[in-house]
Amino acid sequence: MDIFRAAEKYIVEMTTRKGGMKAMLLDEYTTAPVSMVYSHADILQNEIFLLSSITDRGDTIEVFPDVEAIVFVRPCRESLMAVDAELRAPRFAKYDICFSGAVDSKDLERLAIADVSKRVTDVTEYYLDYLAIDRTLFTFNMPRCGARTPTGFAPGKLEATSASLVSVAMALNVKPVVRFQGSSAMCRAVAERVGRLLGQPEIVSTAVLLVVDRRDDPITPLLNQWTYEAMLHELLGIRNGTVAFGVGAKKQQFLLSASGRDPFFDAQKYTTYDVLLPSVDRLVGEYRVAQQEARKLDTIEDMKRTLMDFSRHKERAENAAKHNSLVLEIKRIAESSEMFGDGGVGLLEQELVKVSDQGYSFKAVSRLVQNRKVRPEDKVRLVALFTLRFEGSKSSEKNIRELHEMLASTSVPTPLLEGLRRLQAYCGSSCGARTSNASKAAGSGLFKSSAEEAAGDMFRHTPLLATTINDLVRGKLNTTAFPAVGSAGKQLPTEVIVFFVGGVTYAEARVVNNFNELIGQREGIRIIIGGTHIHNLTSFLHEAAESTR
């Protein structure tokens with residue numbers, strides 16, 4: 001199972017099955033999935049001269065009477081209306097319409113009526129209603145999906161989530177047994193709907209779709225994660241593969257290259273901070289050596305080689321500059337914000353997960369909340385961890401109120417404070433979305449690597465997912481806590497899709513990556529992971545606030 005290659009295969013197929021110059025029209029839902037796996041060079045190579053939004057017709061409509069257009073949209077109401085409008089006032093000679101999921105026959109009939117000039121040549125359904133981040137990680141880019149409804153979903157989000165999950169299963173060519181977290185109404189609603197859409201496997205299946213609730217492990221999204229990709233998302237934010245920081249003339253924006261196109265990022269994304277710094281120094285050093293070699297033009301052959309290698313050399317230079325800039329920026333933020341060292345944010349947040357001394361923890365958190373060097377996000381993070389760690393007693397409620405008052409007197413953004421105020425209602429001990437697994441010690445050491453041993457104190461917490469997938473692949477996952485839709489069978493799974501309703505984290509993606517590399521390859525098991533969204537602290541607290549309004 002490779003979710004990135006599955007997405008790439010579909011896009012290559014839809015853009016290459018017809019030759020010649022062509023345009024590609026996308027909607028707001030398909031733009032990101034295409035951009036995540038298709039580079040600018042790919043677009044040019046496949047003779048796509050225009051990449052545009054299906055709704056971006058403008059005041060002056062430019063017509064291309066000799067050009068065919070590929071239309072790739074989600075089969076939802078607003079996108080179907082846009083395709084309808086395009087067909088009634090066509091700009092292109094022919095239309096090859098592609099949908100990112102199953103389309104209703106009645107919608108097809110309406111489009112056929114709109115196609116009065118008979119310009120539609122093909123209509124195809126592709127299973128690409130998700131964003132493929134890399135080979136084992138996907139997201140639906142659907143933040144704030146919860147609400148106070150019987151299913152727990154905001155209007156329309158249950159249907160969209162289910163359809164996208166079916167798309168993932170079909171793209172991977174699996175018909176899995178669907179299991180879900182029984183304590184979660186959201187997981188049950190998704191699992192039952194997906195089960196109906198996919199149908200029961202006709203033969204005993206060794207593929208499993210496991211639907212879990214983010215609230216079963218609220219600790220992981222609250223913690224800083226000290227690996228390259230996770231730190232980029234936490235400190236700078238990753239949006240559709242793009243990282244941006246700075247303002248105005250000093251704003252910088254970098255594209256994290258698609259899987260397989262940036263060897264350094266592929267190799268270092270799960271590397272811990274202490275290992276990352278010398279790695280990027282080596283990358284820059286290797287580029288400088290190569291640059292010096294390229295300047296040696298003693299012979300005609302040297303000149304020919306330099307000209308032939310120009311494109312590769314330019315790409316290498318840009319890549320080295322990109323990662324050097326990104327690492328320097330996260331280093332600047334981390335080292336100026338009391339994140340490291342004794343008494344810093346990094347060690348204290350790990351202690352809050354493990355230490356049971358409320359008095360000590362309250363004093364330590366209070367000290368950093370009042371420290372002007374500490375980022376507002378980290379102040380909220382520490383108070384959130386303290387809240388979930390010690391909730392329930394009269395003394396802890398008093399301490400929590402005092403910490404909230406301290407935060408209110410500092411420059412913490414209002415949305416973060418709102419999410420913090422609603423945190424216990426969203427994922428506290430009485431929220432009703434916890435399993436017996438949540439009380440287990442997840443840090444069994446099963447997924448530890450040498451890098452983690454070197455950074456020991458910063459990795460005391462291991463995501464609950466590590467325990468859950470270990471139980472699943474060993475046939476020990478409790479069938480009461482995680483029932484199946486229909487018959488589960490007794491076969492041990494070899495292909496697993498783990499889906500987080502409410503959002504996944506890069507820390508959990510790392511757990512899956514480590515499992516695949518250290519255990520999965522040896523035992524013939526492959527796991528991929530996804531979620532409605534990929535969280536950092538800010539998005540998680542926004543999720544908590546919106547879901548409990």
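Excluded from the calculations below are hydrogen atoms, water molecules and symmetry mates; all remaining heavy atoms, backbone and side chain alike, are included.
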So, K9 and E13, do they make that salt bridge, N to O below 4.0 Å? no

Between R17 and D122 (salt bridge meaning N to carboxylate O under 4.0 Å), is one present in this structure? no

Search all heavy atoms of S167 against all heavy atoms of Y127 and return the closest pair with its distance. OG-C, 3.1 Å

May I ask you to decide if the ring planes of F265 and H323 are parallel, tilted or perpendicular, using 30° and 60° as cut-offs? parallel

What are the two closest non-hydrogen atoms of V243 and L256, and how far apart are they? CG2-CD1, 3.9 Å

Looking only at the side chains, is there a donor atom on one of Y130 and S100 sitting less than 3.5 Å from an acceptor on the other? no

Pairing of E86 and R91 as salt bridge, 4.0 angstrom limit: yes

Give a yes or no on whether a salt bridge exists between R135 and E8, defined as a side-chain N under 4.0 angstrom from a carboxylate O. no

K175/E495 ion pair, N-O < 4.0 Å: no

Side chain of Q521, backbone of F515: donor and acceptor closer than 3.5 Å? no

Give a yes or no on whether a salt bridge exists between R549 and E418, defined as a side-chain N under 4.0 angstrom from a carboxylate O. yes

Is the side chain of R144 donor-acceptor paired with the backbone N or O of H542 at a distance under 3.5 Å, no angle test? no

Should R88 and D115 count as an ion pair when the cut-off is N to O under 4.0 Å? no

Using 30° and 60° as the class boundaries, would you call the ring planes of F138 and F140 parallel, tilted or perpendicular? tilted

Using a strict 4.0 Å threshold on nitrogen-to-oxygen distance, state whether E109 and K106 make a salt bridge. no

Ring-ring centroid check Y273 Y228, cutoff 6.0 Å: no

Any side-chain to backbone donor/acceptor pair from N141 onto L131? Under 3.5 Å, distance only. no

Note: L137 and A509 closest approach over all heavy atoms is CD2-CB, 4.0 Å

Between K22 and D96, is there a salt bridge with N-O shorter than 4.0 Å? no

Evaluate side-chain hydrogen bond (donor to acceptor under 3.5 Å, both in side chains) for D129 paired with S164, printing each intermediate quantity in order. CA-CA 5 Å; D129 200 13; S164 294; 3.2 Å; yes

Can we say D213 and R215 salt-bridge, meaning some charged N sits less than 4.0 Å from an Asp/Glu carboxylate O? yes

Least distance between heavy atoms, Y506 atom then Y270 atom: O-CE2, 4.2 Å

Test salt bridge (charged side-chain N to carboxylate O under 4.0 Å, His left out) on K269 and D134; report intermediate values, then the result. CA-CA 11 Å; K269 64 168 63 177; D134 58 33; 2.9 Å; yes

If only side-chain N and O atoms count, and only distance matters, is there a donor-acceptor pair under 3.5 Å linking E508 with T505? yes

Pair T121, K18: side-chain N/O donor-acceptor within cut-off below 3.5 Å: yes

Nearest heavy-atom pair of V504 and R214: which atoms, and what distance? CA-NH1, 3.9 Å

Donor + acceptor pair across side chains of D378, N224 (<3.5 Å): yes

What I want to find out is whether D27 reaches R74 closely enough, with some N-O distance under 4.0 Å, to be called a salt bridge. no

Among side-chain atoms of E546 and Y426, is any donor-acceptor pair under 3.5 angstrom? no

If the threshold is 4.0 Å, N to carboxylate O, is there a salt bridge linking R188 and E192? yes

